[in-house]
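Below you'll find the structure, written out as structure tokens, and then a few comments.
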Amino acid sequence: MRTLNANCTVKSSNTRAKYIYFLIPLMVWVVYTCAFSGKLRVVPCRLNYFKYLSMSFSQGRFDVDHPKGHDLVFFKGKKYLYWPPVPALVYMPFTALWGVNTPDTLIVGLFGAVNVYLLMVLLTLFSKKYKLDLSRAGIGFLAVFWGLGTVHFYMSMVGSVWYVAQIMAQTFLMLSIICMLSNPYLSTPFLSGLFYAMAVYTRNHLLFAIFLIVAIYIT
């Protein structure tokens, strides 16, 4: 009977602890999308050029129709985006639904909340791999601090091209490392490489993250 009660207690504790992995990103997303306004911020951003490039892709074009010329390249009377194209590909389902009215603040907030969840998964895997003995509560506190106490907080609230690229690049890079740590012997090396490539083609300087990935792989 004592063994049964102990097992039930452990299972109940594990179940409650797992909720942290979903409640914390949800709480962070609410802060991202409602902070300073008291209501859901579902607004488009005219400085998110990925949105315009996404609509151009759907029309078989590479130039963008944008009323302003800030941070764009002009060539033969057309405007082009010099940022890597992966976020524009991610945006295609959204722009197919909403066009120029795509709610950029909502989307970047969602990706920011996903990043908080991925960080918790990553910390869990690191704890197992390097025997760090991090508790679920400790992982939760670190995730809250990173999501609300660093520059990630501000970037997840602004839907402009610069911050969308930063947030999405973090998503793909963490997915790459998570895939590598999850099971290095099955199909995950392919997925890890795919997400790493997506991170690089979101923010080019993440090419140098290969040194971090190699270091994690060989240690």
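Reckoned from all heavy atoms, side chains included, excluding hydrogens, waters and symmetry mates. Since the structure is predicted, the reported quantities are computational estimates derived from the model, not experimental observations.
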Applying side chain to side chain contact (heavy atoms under 4.5 Å, CB included), run through Leu106 and Trp29 and close with a yes or a no. CA-CA 9 Å; Leu106 179 66; Trp29 175 76; 3.5 Å; yes

Are side-chain heavy atoms of Leu81 and Val73 found at a separation under 4.5 Å? no

Side chains of Asn115 and Thr171, donor plus acceptor under 3.5 Å: yes

If hydrophobic clusters are built from ILVMFWY residues whose side chains come within less than 4.5 Å, do Phe141 and Leu118 share one? no

I'd like to know if the side chain of Lys51 reaches the main chain of Pro44, judged simply by a donor and an acceptor atom lying under 3.5 Å from each other, with no hydrogens or angles considered. no

With rounding to the nearest 0.5 angstrom, report the CG to CE distance, Leu175 to Met198. 8.5 Å

Spacing of Leu181 atom CG and Ser176 atom OG [to the nearest 0.5 Å]: 9.5 Å

For residues Tyr154 and Trp162: do they belong to one hydrophobic cluster (side chain heavy atoms under 4.5 Å, members Ile, Leu, Val, Met, Phe, Trp, Tyr)? yes

Is there a donor-acceptor pair closer than 3.5 Å between any side-chain N or O of Ser56 and the backbone N or O of Asp63? yes

Donor-acceptor pair, Thr202 side chain versus Ala169 backbone, under 3.5 Å? no

Heavy-atom nearest pair, Gly140 first then Ile20, reads CA-CG2, 4.4 Å

Measure across Cys45 and Gly159 and return the closest heavy-atom pair with its distance rounded to 0.1 Å. CB-O, 3.5 Å

Within a 6.0 Å radius of atom NZ on Lys129, are there more than 12 heavy atoms belonging to other residues, nucleotides or ligands? yes

Under 3.5 Å, is there a donor-acceptor pair between the Tyr163 and Ser156 side chains? no

Geometric class of the Phe211/Phe208 ring pair [parallel <30°, tilted 30-60°, perpendicular >60°]: parallel

Is any side-chain heavy atom of Phe94 less than 4.5 Å from a side-chain heavy atom of Trp98? yes

Under 4.5 Å between any side-chain heavy atoms of Val200 and Phe172, yes or no? no

Gap separating the OG atom of Ser182 from the CD1 atom of Ile177, nearest 0.5 angstrom: 11.5 Å

Value rounded to 0.5 Å, distance of CG in Leu89 from CE in Met168: 10.0 Å

To the nearest 0.5 angstrom, please state how far the CG atom of Asp65 sits from the CE atom of Met55. 8.0 Å

Is it true that, when you exclude Phe153 itself, more than 12 heavy atoms of the residues, nucleotides or ligands shown sit nearer than 6.0 Å to its CZ? yes

Is there a side-chain contact between Gln170 and His152 in this structure, where contact means two heavy atoms from C-beta onward sitting under 4.5 Å apart? yes

What distance do Asp71 atom CG and Leu47 atom CG have between them, rounded to the nearest 0.5 Å? 9.0 Å

State, yes or no, whether a side-chain contact exists between Val108 and Met157 at a heavy-atom distance under 4.5 Å. no

Are Tyr80 and Phe74 an aromatic pair, judged by ring center distance below 6.0 Å? no

Side chain to side chain contact (heavy atoms under 4.5 Å, CB included) assessment of Val164 paired with Asp104: CA-CA 8 Å; Val164 169; Asp104 302 297; 5.5 Å; no

Would a single hydrophobic cluster contain both Leu206 and Val214, if residues Ile, Leu, Val, Met, Phe, Trp and Tyr are joined by side-chain heavy-atom contacts under 4.5 Å? yes

With a 4.5 Å heavy-atom cut-off, do Tyr130 and Ile216 have their side chains touching? yes

Start with the C-alpha distance between Leu148 and Met27, add both sets of side-chain angles, then the distance that settles side chain to side chain contact (heavy atoms under 4.5 Å, CB included), and finish with yes or no. CA-CA 10 Å; Leu148 300 180; Met27 176 200 71; 4.2 Å; yes

Within the side chain of Lys79, is there an N or O that forms a donor-acceptor pair under 3.5 Å with the backbone of His66? yes

Determine whether Tyr217 and Phe126 fall in the same hydrophobic cluster, where Ile, Leu, Val, Met, Phe, Trp and Tyr are linked whenever their side-chain heavy atoms lie under 4.5 Å apart. yes

Side-chain contact test, heavy atoms from C-beta onward, threshold under 4.5 Å: evaluate it for Ile178 versus Phe195 and give yes or no. no

Main-chain N/O of Leu207 paired with Tyr196 side-chain donor or acceptor, under 3.5 Å: yes

Look at the side-chain heavy atoms of Ile, Leu, Val, Met, Phe, Trp and Tyr, link any pair under 4.5 Å apart, and say whether Val43 and Val100 land in one connected group. no

Correct closest heavy-atom pair for Tyr32 and Ala113 would be CE1-N, 3.8 Å

Parallel, tilted or perpendicular: which describes the rings of Trp83 and Phe50, with under 30° parallel and over 60° perpendicular? perpendicular

Measuring centre to centre across the rings, with the benzene-like ring taken for any Trp, is Phe22 within less than 6.0 Å of Tyr117? yes

Could you check Thr150 against Phe145 for side chain to side chain contact (heavy atoms under 4.5 Å, CB included), going step by step and ending with a plain yes or no? CA-CA 7 Å; Thr150 68; Phe145 172 75; 4.1 Å; yes

Which heavy atom of Pro84 sits nearest to which heavy atom of Pro87, and what is that distance? O-CD, 3.7 Å

Check whether Tyr91 reaches the backbone of Thr102 with its side chain - one donor and one acceptor, N or O, closer than 3.5 Å. no

Could you check if a side-chain atom of Met92 sits within less than 4.5 angstrom of a side-chain atom of Ser58, using non-hydrogen atoms only? yes

Does Leu123 offer a backbone N or O that forms a donor-acceptor pair with the side chain of Ser127 under 3.5 Å? no

